[in-house]
Each structure stands twice: as structure tokens, then as C-alpha cells.
Amino acid sequence: MTAIPASRFRAPAIPRRMILPGVLLAALIVIPFAAPLITEANPIQISVRERLAPPSWEHWLGQDEFGRDRLARVLHGGQVSLMVAFLSTTLACLVGTLFGLIGAYFRGPFQFLTTRLSDVVLCFPPILLALLVVTLFGPGTVTLVAVLSILYFPAFSRIAFSEALRVSALDFVEASRALGTPSRRIVFGTILPNIAGPVSVQYSLTAAAAITIESGLSFLGLGVVPPAPSWGQMIRGARQFMNQDPLGILIPCVALTLTIYAINFFCDRLRDTLDPKGNGGGKDTTSQPTSDGQGGGAAGDVVAEVRNLRLDIPRPGQPVPVIEDVSLTLRANQCTALVGESGSGKSLSALALMGLLPGAIRQSAGTLTLRRKSGEMVDMGRLTPKQLEDVRGNDVAMIFQEPMTSLNPVHKVGAQMVEAILAHRPMPKAEARAQAIRLLTLVGINEAERRFNGYPHEMSGGMRQRVMIAMALTCEPRLLIADEPTTALDVTIQAEIIELLQKLRTDYADGLSLLFISHNLGVVAEIADRVAVMYSGQVVEEGPAKQILTDPHHPYTRALLESMPSSHEEAHSTRGDRLQAVEGTPPLPGRRPSGCTFRDRCPIALASCALDRPPLFGGSDRHVRCFRAPEATQEAA
Amino acid sequence: MGGFLLRRVAGAAVMLFVVGSIVFSLLAVVPGDPAELLLSTGGGSATPEAIANLRATMGLDQPVMQQYAAFLLNSVRFDFGTSIIDGSSIADNIALRLPRTLEIIAAGALLALLVAIPAGTAAGLRAGGRFDITASAVNALLTSVPGFVVGTLFIYLFAQVLGWLPAGGYVAFAQDPVQHLRMLILPAVTVGLHLATIIFRMTRASVLEMRGHDWVRTATAKGLSRRLVIRRHVLKNALGPVITVVGMQLGILLGSTVLVEFVYNWPGLSGLLVTAVEQRDYPTVRAVILVVAAIFIAINLVIDVLYSLLDPRIRLQ
């Protein structure tokens with residue numbers, strides 16, 4: 001849920017999902033109060049001769065243990081329950097919200113009061129606190145309303161407080177405060193509309209809880225005083241006779257449950273509507289790689305090969321293509337850089353190679369082959385999930401962009417490394433531990449022994465990335481994928497990490513193939529042997545790094561190079577993610593234009609570029625996907 | 001860790017003190033003479049001698065601060081005075097009945113954990129799947145049934161219609177273990193059912209959140225088996241928030257246990273409490289509530305410590 005300035009706050013149209021719960025709830029609230037229209041029977045009229053009478057024409061739901069009309073009692077009992085619940089909830093809501101707002105706006109002692117108060121009240125089981133008060137004041141409707149509102153107002157004040165705190169820190173509230181808007185107007189005009197959502201969710205929750213407690217107390221005979229009917233009391237009364245007359249307990253039980261259910265249902269939907277992210281569906285499974293059987297037969301130094309990879313987001317009707325026809329060959333002792341703007345499909349291509357595609361994305365064509373340590377080339381699409389587990393981390397490892405979140409905060413660093421080792425190489429724990437510490441030292445972590453026993457949150461981002469690198473190297477993979485390993489780090493740390501990767505390639509992991517993903521051409525120039533430039537799901541230019549970086553043939557590569565800052569310092573800046581030299585942004589996956597996908601932003605596009613999608617032109621060493629590139633004109637000639 | 005523990009214990013002690021003060025002062029803020037109020041049942045007023053007598057036994061004739069100090073001191077020593085109805089020792093009454101209440105809660109909580117954690121995990125891992133949709137719908141329905149309604153319906157179904165289990169009552173375990181356990185089943189399931197709905201909901205949400213974190217992908221990338229990834233990198237992270245919320249909900253659980261005991265005629269604290277409330281035996285009510293609040297605070301203290309063992313970052317806050 002995003003906050004909106006008061007001036008633009010409008011009651012939104014009722015969402016579709018709210019209609020059913022809304023109608024159900026409204027019906028259950030209105031029906032009890034329509035009792036006079038439904039039955040003329042008096043709920044407290046005793047008729048001993050007709051006690052426990054089954055349903056009849058005059059008494060649709062039969063008569064209870066005193067011969068009172070059960071329909072009338074259920075309806076009137078509902079009135080009492082609902083009135084107690086909504087009256088106390090409304091009181092609690094008004095008082096609590098006011099408290100919370102005051103606490104949030106004035107802070108100081110008010111803040112202390114609002115936050116501590118709810119802590120204390122939470123210590124009392126609600127029904128026990130109610131019993132305590134009933135002991136002193138005797139049972140009755142007024143006591144109930146008073147107790148329930150006292151019980152529940154701290155919850156409201158806490159929610160109002162924290163939400164108001166959040167909202168008042170937002171820019172537009174700060175701004176209006178700076179402009180001298182009176183506090184009263186800020187609180188009621190700006191903050192209140194913004195916290196209405198969470199407060200209304202709490203309102204429904206509280207109403208349901210209040211009904212539960214009211215009926216519970218009445219069931220104990222300590223709530224609503226007879227002869228006034230209430231659902232809890234009806235169950236209490238009918239309990240002794242459940243054998244002869246099960247209807248007696250069933251009717252109030254159903255009425256009570258249905259009402260609470262309706263409120264909860266409404267509350268759930270309301271919460272989902274206000275905060276859709278909380279209901280994130282989807283499965284956690286990574287989607288399995290597939291094979292169209294065209295892999296195999298690669299030269300001896302090829303470590304991995306991506307051929308004609310196509311990834312889709314399955315949608316009813318037309319699937320949305322994310323990756324269209326990507327081919328890459330990764331060789332031993334070689335660093336291949338995958339370059340492009342955010343959303344070009346670099347990371348997805350890499351994740352596909354790990355068999356780690358998110359569940360929402362399907363591989364619809366192409367093959368991913370990988371050389372295992374045994375020397376055998378395997379088709380990832382033909383591996384069982386078990387075999388895939390064996391390949392991951394062992395033959396191919398990956399370093400991710402976000403070192404701050406890539407390590408599990410609740411496990412020690414050492415434990416996370418050891419489990420990676422033990423996943424592929426059964427050995428005594430002490431041996432795994434020694435190996436992990438050796439690796440930590442290798443990646444330049446001081447006091448590796450101490451760090452081994454430390455937690456990720458005790459380390460800086462640069463150190464965590466070193467740990468990630470050490471972890472990736474535990475099983476001496478043949479292919480290491482580094483997905484923007486330096487983007488989240490400080491400039492100086494970036495340089496150190498690149499240096500480390502370079503050093504490892506030459507000194508430690510002989511024959512390692514590195515797939516380095518980056519949008520930063522400055523870094524790429526330092527480390528890469530080959531470069532593949534990606535644009536909106538396609539490789540648009542591919543070849544030896546030196547040639548591509550000094551003599552780009554695709555206009556997009558040229559634009560990337562032009563937008564690259566000239567000085568070394570800036571080359572490491574994190575802000576290279578958007579292309580300044582060319583107007584516009586890459587097209588979204590579902591909205592890619594016909595023909596060449598870059599033509600809308602291309603300075604040299606021709607009308608004919610809109611007709612066909614350009615194929616990859618060029619010989620064995622260098623390819624480019626542009627009709628106007630030298631390779632294309634040569635082929636045409 | 002030592003500092004963290006000390007802070008939490010001190011916090012719990014302060015909380016207990018505040019709770020005790022509130023319980024005490026409630027009687028002081030009641031308008032009129034509390035002794036007279038407590039003895040006025042059903043409209044009839046008590047004799048002056050009886051009132052004077054009660055004032056003396058409850059110490060109401062002492063200055064308020066002195067009463068307060070005595071009350072706190074005695075509470076710490078687990079001395080809650082005598083019942084104003086029959087003069088029996090309140091501490092003895094509680095000591096007799098508290099274990100029975102704790103038994104129901106422990107059995108119910110155990111059942112709830114055994115069912116709800118695996119179910120919530122399965123639902124969270126495959127959110128939107130068939131199991132999740134079914135389980136979540138059933139859960140929403142069960143959440144809406146108050147404990148005493150479940151109890152009443154259970155008695156009707158399992159005792160009256162099917163005749164499988166006794167409708168209620170209590171036999172000491174030492175006297176007849178089998179019958180004791182048979183009598184425990186329905187109350188424990190009733191209490192556990194409600195707790196299970198809360199645990200299920202929390203586990204599902206927590207697993208759903210945790211499984212999307214980067215470290216889960218890292219763990220998969222390392223080549224850990226799916227089972228290990230879920231156990232070590234989803235569940236271990238997810239359980240912290242779950243147990244915290246369960247701790248917070250224990251207050252409601254303790255409350256619903258009162259009703260469940262009443263439904264099944266289980267002679268725990270509830271019987272003592274309900275009779276005391278009916279007869280306006282304020283010292284007993286006060287003592288029971290103080291004990292329950294203390295248990296609640298103690299459980300939450302334990303949970304805080306458990307959570308800090310699960311997630312080391314908590315100790316820093």
C-alpha cells in the first residue's frame with residue numbers, strides 16, 4: 001500500500017473481491033435487527049407446556065427449554081451480541097486512534113504511554129481481564145462494553161501510532177509541516193486518511209474478537225444478564241438438553257460462527273485489497289530446464305554452451321517472451337562478459353544455466369549443456385532434480401549481486417560454507433571446516449578462524465561478497481557465474497573484488513571459466529576475454545572483448561560505450577545502469593516492436609529495420625545482430 | 001548474550017510489577033467501599049459485622065500504600081491470602097488446579113504444533129496450490145469457531161452421538177491413567193484447534209516470505225537438496241516470527257482454556273475462577289489472574305530467548 005497525499009485521496013471504487021464478503025457481512029448484521037419483520041414472537045415469552053418443541057408453523061426453529069421461540073431468540077440475541085461488539089469496538093477504535101495519533105505527533109511522554117500501555121494490556125488474557133471487572137461491577141451489557149473497549153483500545157493506539165509514524169515521515173507530510181500547516185490539519189487531513197486502511201482491518205478483527213468474548217462470558221453466565229437473550233446464553237441453556245434437542249445448540253452455534261466468519265472473511269479480503277503484496281502466490285519451485293535435443297558434440301575446451309535459448313512467461317493466450325534466441329559458448333580459462341542494461345535478460349540467462357529460473361518463467365526452446373568434472377557434457381534439460389542438485393555448486397557455482405542478502409542471517413558464516421562442501425563431498429566436519437577456513441584466507445579475509453564462527457551481519461558488504469566467492473569456490477567448479485558481483489559495493493571495494501576474481505582465475509582455479517555479468521563496461525574491459533552484449537532478450541553483438549570495446553559494430557554497443565564515463569574512477573560508479581547516450585528505455589518484454597527491437601532508439605535505423613528481426617550476422621569469431629553492421633553488408637554483397 | 005538475558009528478565013519483572021499494581025489498584029478505584037461491594041450479592045446487603053470482618057481479613061482497614069506493599073510482598077511469596085467465601089488458602093487452591101490447566105494447554109499446544117507447522121509450511125511453500133487453498137479455507141472457518149462452541153459440538157458428536165469419548169470430567173492420572181487420557185483428548189483437541197489455526201496462518205505467511213529471500217537461492221545454488229534448503233534456509237528463519245506471535249497469542253489461549261475447561265467440567269483454574277467471579281471472591285480472582293499473567297510473561301520470556309537462539313540479530317536490538 002502506498003501512501004497518498006490527502007488532496008488526492010479519493011474513496012476507491014469497491015473492488016470486486018470485496019463484494020461477496022461485504023454482502024455477507026451486511027446481511028448478517030442487518031438480519032438480526034430486522035427481527036420484527038421476520039417474526040412477531042416475543043423472545044422472552046415463556047411457554048412451559050411447549051418446552052423443547054420441534055419446529056412448527058408458528059415457531060420455525062422450534063422452542064427452547066422454557067418454550068420460548070427460538071427464532072426470535074436467535075435474532076434478538078444477535079442484536080445484543082452485535083451491539084455490544086460494535087459499540088465497544090467503535091469506542092476502542094476512536095479512543096485508541098486518537099491516543100495513537102497524539103503519541104505519534106507529539107512524541108515524548110505521549111509516545112511512551114501509547115506504546116507501553118498496549119504491552120501491559122496484552123499481558124492479560126482478555127477474557128480474564130473481563131472476568132476481573134465483572135467480579136467488581138457484576139455482569140451486564142454496560143460492563144461488557146466498558147471492559148471490551150478498555151481491552152481493545154491499546155491495540156488501536158499501537159497501530160495508529162506506528163502507521164502515523166510511518167506516514168508522517170513521508171515527504172509530503174514533512175513538506176506540509178515545513179509550509180506551516182497547523183498540526184491539527186496535518187493529523188486529520190493528511191495522516192488520518194492514510195492510516196484508515198490498517199485501522200479498519202484492526203476494527204474488523206476486534207469486532208470478531210469482541211463477539212467471541214461476549215458470547216464466551218454469556219456462556220459462563222457472566223455476560224448478558226437473563227432473560228435478555230444472547231447466543232452464548234442460548235448455548236449454555238441448551239447444553240443440558242442436547243441429547244433430546246440438538247437443534248438447541250446447533251442454531252446459536254451456527255449463528256455465532258457464521259457471524260464471526262463473515263467478519264473474518266471481510267477482514268481478510270480487506271487486508272488483501274489494501275496490501276496485495278502480503279498475499280503473494282506462486283510456487284517456490286524453480287522451473288526445470290528442458291531440452292530440444294540439439295546439444296552435445298562440443299569441442300574439448302567448451303565448459304558450457306547455451307544454444308537458442310528462449311524463455312517465456314506463460315500467459316493465457318500468448319506467452320510473453322523474455323529471452324529470445326540466446327546462444328553463448330563458454331570456454332575454459334576464459335572470462336566471458338555478459339553486458340546490457342537492466343532487464344536485458346543477462347541475469348535470467350545465467351540463472352537458466354544454473355537451473356535456477358524463477359517458477360514464473362519457462363524455458364520454451366533451446367538447450368543448456370554443461371561439462372561436468374568427469375569431462376562428460378550433460379544436457380541440463382535431461383537431468384533429474386537430484387542430478388541438478390549435484391551439478392549446482394559442484395560443476396557450476398554462482399555469486400550474486402546482493403552480498404547483504406545472499407547469506408542466511410541466522411547461520412554462522414562457517415556453517416554455510418561447510419554445508420556447501422558437505423553437499424558434494426562427504427568428509428569429516430573438521431576437514432570441511434579446515435577447507436573453509438583455507439578458502440576464507442585465500443579470498444583475503446583476515447582472521448578467517450574468527451570470521452568462520454561469526455554471523456553475516458557482523459561483516460561488511462565487501463567481506464560478505466568475499467565469503468560468497470569463497471563459498472562458490474568450495475567445490476572447485478569449472479564454471480563460475482558472477483552476476484553483477486560489484487554493483488552493490490563501494491567503489492574502492494569494487495576494485496578489490498575484481499582484483500580478487502582476476503587473481504583467483506590465474507592462481508587458484510586452473511581452467512576456470514568465468515561468466516561475468518555487468519552493465520559496467522569499465523569493469524568489463526579489465527576482466528573479460530570475450531563480450532556478449534544483450535538487448536531486450538537477445539544477444540546483439542558478441543566477440544573478442546578488445547574488438548568489441550574498441551570497434552563496436554552494433555549501434556547499441558556504441559551507445560553503451562559512449563555513455564561510459566571516461567575517467568577510471570567513474571567507470572566503477574554504480575550509476576551506469578541507464579543509457580544516457582541514447583534516448584528512451586528498452587521495450588518491456590510484452591511490447592517489443594516488430595523487426596529490430598532496438599530500432600526505436602537507434603540513431604541509424606532505416607524503415608526496413610521494422611520489417612524483419614535481424615539474424616546474427618558474421619563469421620565464427622564475431623557476430624552482430626544489425627542490418628547496418630559491416631558483417632551484414634558483406635553477407636548481402 | 002548475558003546482557004540480553006539480563007535485559008529481558010528485568011523487562012519481565014517490571015511487567016509483572018505493573019500487572020500486579022493494576023490488579024491491586026482496580027479494587028482501590030472502585031467507587032464506594034470495596035468490602036460492601038464484594039459482599040452485596042443479588043441485591044441484598046451484608047451485615048455490618050460481616051463487612052467489618054472482611055475489611056479486617058483483606059486488610060482494607062490499613063492505609064492504601066501499606067496494603068499495596070503487603071500485597072506485592074505477599075504475591076512474591078505466593079501468598080494470596082484466603083478466599084472470602086470459605087476461608088481456604090488461595091495459594092493451595094491454585095497449586096491444586098494449576099497443573100491440570102497447564103496439562104490441557106501443553107497437550108493442546110503440542111497437538112497444534114505437530115499439525116500446524118507442517119501444514120503451514122506445506123501451504124506456504126506451494127502458496128496458491130490445491131493444498132494451500134483447501135487448508136487456508138478450512139483454517140479460516142476454524143478460526144471463526146469459538147472454543148466453547150467447538151467444545152459443545154464435540155461433546156454432542158463424540159460423546160452423545162458416537163459415544164467414543166466421555167463428555168467431560170476428570171480422573172487423576174495416578175488413579176486411572178487410561179481414563180485420564182481419554183478425558184484429556186477432547187479438551188486438548190479443542191484448545192489445540194484454536195492455537196493450530198493461528199500457528200498455521202503464521203507459519204504459512206512466514207514461510208511464504210522467507211522462501212523468497214536471496215539466501216534461499218544461494219542455498220539452492222550451492223547444490224543443497226531441496227529438503228535441506230527448506231529445513232535450514234526457509235524453516236529455521238520462518239520459525240522465529242511464528243513462535244513470537246504464538247507467544248503473544250498465548251494470552252488468548254489461556255483465556256479460551258477457561259471456557260474449554262468449563263465446557264468439559266475439567267477442574268482446572270477455570271472452575272475456581274468462575275465460582276469466584278460468581279461469588280465475588282475478589283482475592284481469588286485477583287490471584288488467579290496474577291498467576292496466569294505471570295505464566296504468560298514467563299512464557300514470552302522463554303520465547304524471546306528461544307528466538308534469540310534462532311536469530312542472532314535479535315540480541316542486538
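Residue numbering restarts at 1 for every chain, and letters A, B, ... go by the order of the sequence lines. Basis for what follows: all heavy atoms, side chains included, without hydrogens, waters or symmetry-related copies.
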Heavy-atom distance under 4.5 Å to chain B: side chain of A:L407, backbone, both or neither?
backbone
Structural part of B:V277 lying under 4.5 Å from a heavy atom of chain A
both
Do you see a donor-acceptor pair shorter than 3.5 Å between the side chains of B:D214 and A:S406?
no
Heavy-atom contact with chain A under 4.5 Å, split by part of B:L16:
neither
Pairs of heavy atoms under 4.5 Å with chain A: top-ranked of B:T143, B:V207, B:N237, B:V18:
B:N237
Interchain contact, A:L131 with chain B, by part (heavy-atom threshold 4.5 Å)
both
With a 4.5 Å cut-off on heavy-atom pairs, point out which of A:E419, A:M468, A:M354 contacts chain B the most.
A:E419
Interface moiety of B:V161 toward chain A, non-hydrogen atoms closer than 4.5 Å:
neither
What's the spacing between A:N408 CG and B:T218 OG1 if we round to 0.5 Å?
9.0 Å
Hey, are B:R226 and A:E389 close enough for a salt bridge, meaning a charged N less than 4.0 Å from a carboxylate O?
no
Please classify the contact of A:A397 with chain B as side chain, backbone, both or neither, using a heavy-atom distance under 4.5 Å.
neither
Could you look at B:L273 and say if it's the side chain, the backbone, both or neither that has a heavy atom under 4.5 Å from chain A?
side chain
Give the ring-plane orientation class for B:H233 versus A:H411, where under 30° counts as parallel, over 60° as perpendicular and anything between as tilted.
tilted
Working to the nearest 0.5 angstrom, can you tell me the gap between A:L220 CG and B:F262 CZ?
5.5 Å
Value rounded to 0.5 Å, distance of CD1 in A:I127 from CZ in B:F148
8.0 Å
Who wins among B:Q160, B:E209, B:R217 for the most heavy-atom pairs under 4.5 Å with chain A?
B:R217
Is it the side chain or the backbone of A:K412 that comes within 4.5 Å of chain B heavy atoms, both, or neither?
neither
Between A:K386 and B:S225 the two heavy atoms that sit nearest each other are NZ-CB, 4.1 Å
Any chance you could measure A:F265, atom CZ, to B:L141, atom CG, to the nearest 0.5 Å?
11.5 Å
Note: vs chain A, highest number of non-hydrogen pairs under 4.5 angstrom among B:N300, B:T152, B:V285, B:V234 is B:T152
Spatial distance of atom CG (A:L132) from atom CD1 (B:I289) [nearest 0.5 Å]
4.0 Å
Please output the residues of residues 210-218 of chain A in contact with chain B, using a heavy-atom cutoff of under 4.5 Å, in numerical order.
A:T212, A:S215, A:G216
With chain B, which of A:V391, A:D390, A:D268 has the greatest number of heavy-atom pairs at distances under 4.5 Å?
A:D268
List in chain and number order the residues that pass salt bridge (charged side-chain N to carboxylate O under 4.0 Å, His left out) with A:R239, two or more places apart in sequence or in another chain; answer none if no residue qualifies.
none
